[in-house]
Amino acid sequence: MSKKKKAVREAFRTAVFERDGYACVMCGKKIGKLDAHHIEDRHTQPDGGYTLDNGITLCADDNDKNNCHWKAEQYHATGKAYPSYSPEELRQKVKNVT
C-alpha cells in the first residue's frame, strides 16, 4: 500500500473516531478494538469512500463474532442487512451523533 493511501486511510479513521467520540455508535463501547466502517462499500464510492459521511465507528472485538462491525459487514457480504444495520440506518445513527 502506498504512503498516500495509508495517509488517506489514517485521516479517515481519525476523523470518524473523533466525530463519534471514540465509541461504537451502535452499542457505545469505548474499550477494545474499534473500526472506522465504510457505510457504503468503499469500492463503489468516489475516492474509495474515504469521506466522513461514509464512515461510522463500530466495535470490532475479534473475540466476539457478533460485534457491531460484523453485523454491519453482513450487508456487504450478503446484500441483506442485519436488523438495524442497513446503510440507511447507519447513516441515521451518524446524523444523530453530529
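Without hydrogens or angle criteria, Q74 side chain to W70 main chain gives a donor-acceptor distance under 3.5 Å. At least one donor-acceptor pair closer than 3.5 Å links the side chain of N54 to the backbone N or O of G49. Under the 3.5 Å distance criterion, the side-chain polar atoms of E89 are matched with a main-chain donor or acceptor of S86. Without hydrogens or angle criteria, R19 side chain to L52 main chain gives a donor-acceptor distance under 3.5 Å.
When all heavy atoms are compared, the tightest approach of C68 to C59 is N-SG, 3.5 Å. The minimum heavy-atom distance linking Y75 with P87 is given by the pair CE2-CG, 3.4 Å.
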Evaluate side-chain contact (heavy atoms from CB on, under 4.5 Å) for T57 paired with Y22, printing each intermediate quantity in order. CA-CA 7 Å; T57 302; Y22 291 87; over 6 Å; no
Evaluate K93 against M26 for side-chain contact (heavy atoms from CB on, under 4.5 Å), listing each step before the verdict. CA-CA 8 Å; K93 286 282 193 177; M26 298 303 284; 3.8 Å; yes
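Put simply, the side chain of V16 reaches to within 4.5 Å of the side chain of F12, judged on heavy atoms.
Atom SG of C24 is separated from atom CD1 of I56 by 7.5 Å, given to the nearest 0.5 angstrom. Atom CG of residue D61 and atom CG of residue N66 lie 11.0 Å apart, to the nearest 0.5 angstrom. Distance check, rounded to the nearest 0.5 Å: CG of L58 to CG of L90 gives 6.5 Å.
Around the CZ atom of R9, the shell of radius 6.0 Å holds no more than 12 heavy atoms that belong to other residues, nucleotides or ligands.
Hydrophobic clustering keeps Y50 apart from I39 (ILVMFWY residues linked when any side-chain heavy atoms are closer than 4.5 Å, directly or through intermediates). The hydrophobic cluster containing V94 also contains Y82, counting ILVMFWY residues as joined when their side-chain heavy atoms lie under 4.5 angstrom apart, directly or transitively.
Under the rule for a side-chain contact (heavy atoms from CB on, under 4.5 Å), the partners of D41 that lie at least two apart in sequence or sit in another chain are H43, T44, H76.
Among residues at least two apart or in separate chains, side-chain hydrogen bond (donor to acceptor under 3.5 Å, both in side chains) pairs with a member in residues 27-39 are D35-H69, H37-H69, H37-E73.
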